[in-house]
There are 4 protein chains.
Amino acid sequence: MSTTNLHTPADPSAARRAQILDAATRVFAEKGFHRATIREIATVAGVADGTIYNYFANKSALLLGLLDRLNETEGRAAHFARAPEGGAAEFMRGYLAHRFATLTETGFDIFHVLLSELLVDRDLRDRWREQTLAPTFAIAESYLGGAMAGGALRPLDPALAARAMAGMSLGVLLLRLLGDPTLEERWEELPDTIAAILIHGLTPQDGLTPEGETADAPQR
Amino acid sequence: MSTTNLHTPADPSAARRAQILDAATRVFAEKGFHRATIREIATVAGVADGTIYNYFANKSALLLGLLDRLNETEGRAAHFARAPEGGAAEFMRGYLAHRFATLTETGFDIFHVLLSELLVDRDLRDRWREQTLAPTFAIAESYLGGAMAGGALRPLDPALAARAMAGMSLGVLLLRLLGDPTLEERWEELPDTIAAILIHGLTPQDGLTPEGETADAPQR
Amino acid sequence: MSTTNLHTPADPSAARRAQILDAATRVFAEKGFHRATIREIATVAGVADGTIYNYFANKSALLLGLLDRLNETEGRAAHFARAPEGGAAEFMRGYLAHRFATLTETGFDIFHVLLSELLVDRDLRDRWREQTLAPTFAIAESYLGGAMAGGALRPLDPALAARAMAGMSLGVLLLRLLGDPTLEERWEELPDTIAAILIHGLTPQDGLTPEGETADAPQR
Amino acid sequence: MSTTNLHTPADPSAARRAQILDAATRVFAEKGFHRATIREIATVAGVADGTIYNYFANKSALLLGLLDRLNETEGRAAHFARAPEGGAAEFMRGYLAHRFATLTETGFDIFHVLLSELLVDRDLRDRWREQTLAPTFAIAESYLGGAMAGGALRPLDPALAARAMAGMSLGVLLLRLLGDPTLEERWEELPDTIAAILIHGLTPQDGLTPEGETADAPQR
DNA sequence: AATGAATGAGTATTCATTCAT
DNA sequence: GATGAATGAATACTCATTCAT
């Protein structure tokens with residue numbers, strides 16, 4: 001019990017903060033930021049209204065708290081994603097599997113909340129773009145560019161390819177958050193499907209291309 | 001009913017409705033649904049606050065009006081997208097090009113507003129899922145299923161493949177709405193890049209697979 | 001009824017404003033600015049809370065409204081005070097009588113409210129100093145300076161004499177607002193007493209000065 | 001109780017009280033009673049919020065503490081003011097000089113705070129009226145009455161004359177607190193000017209009264 | 001006695017909605 | 001149908017006060 005644990009800190013102040021952020025996540029996810037009230041968050045957190053303001057400057061600061069929390073998780077996740085041993089296809093499958101695993105672990109609520117407010121709050125959006133999006137794409141572009149130059153990947157524009165790849169994961173997440181029942185039921189099958197499409201595309205390969213597919217080869 | 005024209009309705013009532021929806025789109029896009037006020041929408045529309053309530057039951061009904069308007073556009077667009085003449089790759093490129101074109105034509109604002117509220121308003125979400133999402137995926141799954149059965153596409157799960165495909169488009173749209181500068185600058189290049197990835201994947205094909213990529217072939 | 005009346009304007013909007021300011025005066029005077037609530041002012045005014053905000057930007061604007069109203073009254077009063085015919089003593093008695101009369105007419109409440117907040121609100125104070133205090137003293141100093149130069153008044157510093165004179169009126173007003181019962185009972189006798197003191201001082205004049213008072217004559 | 005020293009009490013408890021009252025004076029003076037917070041007073045005093053409540057029942061009690069403190073000072077000052085040796089004019093000059101000196105010594109802040117709240121807080125006002133105002137006027141009336149009966153002062157109503165005299169000092173104090181720059185700059189000249197006016201009035205005396213001023217003589 | 005985290009009552013302000021004109 | 005003044009419910013935030021440590 002006395003050993004400090006990163007997830008449940010011994011620091012009672014940090015614990016209180018976490019407790020409030022947990023409540024905020026739940027209430028925001030259910031009602032959205034604006035329809036959520038401080039009163040309800042306080043009730044869910046089991047504290048008084050005023051207590052929240054001992055830990056967060058205002059309602060918006062709760063969102064920033066959620067963003068920080070997400071960035072922490074992502075930061076820790078980055079450690080694992082670093083070693084691209086094996087082929088590019090292998091790497092991509094591993095990366096996606098890991099990505100979806102951390103997503104599931106983090107929980108969908110936090111993405112639900114942040115996405116909806118990122119679309120609406122310019123300050124939050126700017127912050128997120130600098131803190132999360134830009135660094136992520138910087139790494140991804142660099143990796144993709146290297147792999148393309150080395151012939152491990154087809155020569156496309158690394159920046160756009162990175163957006164397309166990230167977009168596919170983000171897009172299915174969004175579709176799920178929007179309530180697509182198929183994605184809710186078969187979420188665990190997605191990483192493999194996405195990996196397959198990203199790696200080989202939707203059309204059959206080999207020399208046995210049907211319907212004049214070879215005519216497409218020298219495209220772009 | 002008399003000589004109804006969809007673009008410039010002779011019906012003065014429909015014109016007033018459109019005028020209000022235009023204003024709502026602009027104000028919602030700038031401030032988001034909650035921060036937008038009826039007063040400002042009325043001002044922008046050039047009418048009195050109360051007038052809006054002669055055309056819409058309440059503020060939320062403005063969102064439904066936007067959704068309907070979007071569905072109309074999509075519905076008209078569907079006519080063009082239906083004929084899969086030529087190969088699967090050709091079709092996909094054509095479809096994406098058209099998709100992005102209508103998106104650009106419709107304007108990003110309406111998607112911006114609807115997305116953010118879809119994430120937050122359960123009623124709107126349910127309605128959208130039934131009116132827009134479900135029919136779209138029904139068509140897509142049916143088409144993909146047929147093409148896969150006929151060998152024009154690789155045999156994957158049609159439902160998941162449809163989600164992945166749609167997700168990639170939706171995902172890059174979302175990234176753009178979230179302010180990614182690269183996507184803002186190079187938006188016209190995206191359809192081709194996405195088409196290329198969806199058609200052939202990221203890894204090189206041919207027999208000349210580098211780095212033991214062939215070891216990946218018998219995957220899934 | 002159709003003839004416009006300055007005190008009860010036909011303009012319904014101005015009437016509503018006045019109605020709210022009346023209520024604010026009463027509630028502020030009773031509770032002080034901070035302890036007064038918008039709700040109570042609205043109730044006393046017979047309107048809804050929100051209605052107040054159709055006429056005043058915020059609670060503080062009610063104070064500014066009171067200040068403006070006072071300045072209007074003072075402005076109108078200035079017309080009467082202008083003609084210093086007769087001797088200086090006569091003028092002073094007339095001025096004080098008029099001053100106290102308008103004070104009584106305006107009502108003590110408005111002074112009560114404004115004084116207490118002037119002591120506490122720097123912005124209000126600055127505004128009042130420029131709009132009311134400075135012009136008043138400018139006129140007073142000029143008049144006193146002239147009368148002193150002409151020998152109608154004893155040669156003192158006009159600026160300080162003006163402060164002393166104004167201070168005596170303001171001071172007894174303050175003592176009354178602070179609840180001195182004597183001043184409440186005998187308020188009408190004050191102008192004459194003050195005039196007498198200001199004109200001749202407290203000590204007996206004539207050659208018949210008792211107790212070596214003449215030794216005081218060449219003072220200052 | 002042991003060797004209590006009014007200025008630097010050995011009693012640590014009294015020292016703490018004084019320390020808190022000092023802080024309260026400063027914070028009240030800067031922000032006014034309502035805008036001042038217990039937290040800030042505690043910070044300035046160098047104690048915790050809760051500690052204040054070991055010495056004062058509530059926030060209002062701090063005001064009472066200030067009032068008591070002021071009364072102590074006034075009480076001590078009264079000793080000096082009591083002996084009317086010399087003529088009435090001499091006495092008045094001495095009294096005013098002393099009055100202004102103690103005022104300056106005590107500092108304007110405490111008056112600033114007390115005045116503003118006296119206008120607003122009925123309890124404080126009642127207390128001040130009984131503890132401070134009434135006794136002061138009792139002494140003043142008695143003194144003035146005697147001097148008037150003895151011919152040392154002109155025969156006016158002692159009660160009203162006392163109010164007028166006190167009012168002039170209080171009034172210029174108020175004008176200074178309200179930010180009159182002239183009074184801030186030339187504050188030290190005031191006692192003499194006020195004394196001169198109170199003693200001889202504004203109009204010239206002697207037999208050489210200009211402009212028929214003698215016609216005013218038999219007034220009241 | 002001292003602390004300061006927790007409390008929760010209290011309030012200015014906003015804004016969707018109504019309805020008399 | 002159009003208007004816009006009036007409405008009043010809803011809510012973030014403050015801060016005096018308490019009390020367990």
Side-chain angles (χ1 to χ4, degrees), chain A residues 12-13 15-17 19-20 33-43 45-62, chain B residues 12-13 16-17 20 33-43 45-62, chain C residues 12-13 15-17 19-20 33-43 45-62, chain D residues 12-13 16-17 20 33-43 45-62:
Chain A
S13 167
R16 196 41 74 87
R17 244 187 89 93
Q19 170 190 11
I20 292 170
F33 180 74
H34 275 97
R35 281 188 257 263
T37 67
I38 288 289
R39 170 126 340 143
E40 184 171 3
I41 295 172
T43 304
V47 299
D49 299 19
T51 302
I52 291 183
Y53 291 88
N54 289 337
Y55 294 87
F56 298 91
N58 48 43
K59 201 182 169 188
S60 293
L62 288 169
Chain B
S13 164
R16 201 35 82 83
R17 245 187 87 93
I20 292 170
F33 180 73
H34 274 96
R35 283 187 252 263
T37 66
I38 289 288
R39 166 119 352 138
E40 185 170 4
I41 294 171
T43 303
V47 299
D49 300 18
T51 302
I52 291 182
Y53 289 86
N54 288 333
Y55 294 87
F56 297 91
N58 50 42
K59 197 183 173 189
S60 293
L62 288 168
Chain C
S13 166
R16 195 44 71 89
R17 244 187 89 92
Q19 170 189 12
I20 292 169
F33 180 74
H34 275 97
R35 281 187 257 262
T37 67
I38 289 289
R39 169 122 345 141
E40 184 170 3
I41 295 171
T43 303
V47 299
D49 299 20
T51 301
I52 292 181
Y53 290 88
N54 288 336
Y55 295 87
F56 297 91
N58 48 44
K59 200 181 170 187
S60 293
L62 288 168
Chain D
S13 164
R16 200 34 81 85
R17 245 187 86 92
I20 292 170
F33 180 74
H34 275 96
R35 285 185 250 265
T37 67
I38 290 288
R39 167 120 350 138
E40 185 170 3
I41 294 172
T43 303
V47 300
D49 300 17
T51 303
I52 291 182
Y53 289 87
N54 288 334
Y55 294 87
F56 298 90
N58 49 41
K59 197 182 172 188
S60 293
L62 288 168

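Remember, it's a predicted structure, so these values are computed and weren't measured experimentally. Just so it is clear: chains get the letters A, B, ... in the order the sequence lines come, proteins before strands, and each one is counted from 1.
- D:A36 comes within 4.0 angstrom of the backbone, heavy atoms only, and of no base.
- Backbone-only contact: C:Y55 has heavy atoms under 4.0 Å from sugar-phosphate atoms and none from a base.
- Distance, A:F56 CZ to E:dA5 P: 15 Å, rounded to whole Å.
- Nearest nucleotide to the D:A48 side chain, out of E:dG4, F:dA6, F:dT3: E:dG4.
- Straight-line distance from the CD atom of C:Q19 to the P atom of F:dA5: 15 Å, rounded to whole Å.
- Checking A:V47 against C:F33, the closest nucleotide of DNA chain E that is more toward the 5' end is the one next to A:V47.
- At whole-Å resolution of the value, CZ in D:R35 and C1' in F:dT14 are 14 Å apart.
- We find that CZ of A:R17 is positioned 14 Å from P of E:dA5, with the value rounded to whole Å.
- Listed by chain and number, the residues in a side-chain hydrogen bond (donor to acceptor under 3.5 Å, both in side chains) with B:R16 are B:Q19 (sequence neighbours excluded).
- Comparing C:N54 and D:T37 against DNA chain F, the residue whose closest nucleotide sits nearer the 5' end is C:N54.
- Residues that satisfy the side chain to side chain contact (heavy atoms under 4.5 Å, CB included) test with C:T37, not counting sequence neighbours, are C:R39, C:E40.
- Expressed to the nearest 0.5 Å, how far CD1 of A:I38 lies from CG of A:L62 amounts to 5.5 Å.
- F:dC15 atom P lies 11 Å from atom NE2 of D:H34, rounded to whole Å.
- A search for side chain to side chain contact (heavy atoms under 4.5 Å, CB included) contacts involving C:N54 returns nothing, not counting sequence neighbours.
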Please list, pair by pair, any protein nitrogen or oxygen found under 3.5 Å from a nitrogen or oxygen in nucleotides 17-21 of chain E.
from	atom 1	to	atom 2	distance (Å)
E:dT17	OP2	B:Y53	OH	2.9
E:dT17	OP2	B:K59	N	2.9

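- Between the CD1 atom of C:I52 and the C1' atom of E:dT11 there is a distance of 13 Å, rounded to whole Å.
- Here the P atom of nucleotide E:dG4 and the CD1 atom of D:I41 are 17 Å apart, to the nearest Å.
- We find the NZ-CD1 distance between A:K59 and A:I52 to be 10.5 Å, quoted to the nearest 0.5 Å.
- Scanning for side-chain hydrogen bond (donor to acceptor under 3.5 Å, both in side chains) contacts around C:R35 gives D:E117, with sequence neighbours left out.
- Taking CZ from D:R17 and CZ from D:F56, the interatomic distance works out to 4.0 Å, rounded to the nearest 0.5 Å.
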From CA spacing to verdict: side chain to side chain contact (heavy atoms under 4.5 Å, CB included), D:H34, C:F33: CA-CA 10 Å; D:H34 275 96; C:F33 180 74; over 6 Å; no

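- Between A:I20 and A:A45 the shortest heavy-atom distance is CA-CB, 4.2 Å.
- For the pair A:L62 CG and F:dA12 P, the computed distance is 11 Å after rounding to whole Å.
- Paired regions of DNA chain F, where each region holds three or more successive Watson-Crick or G-U pairs whose two hydrogen-bonding distances fall under 3.5 Å, are E:2-21 with F:2-21.
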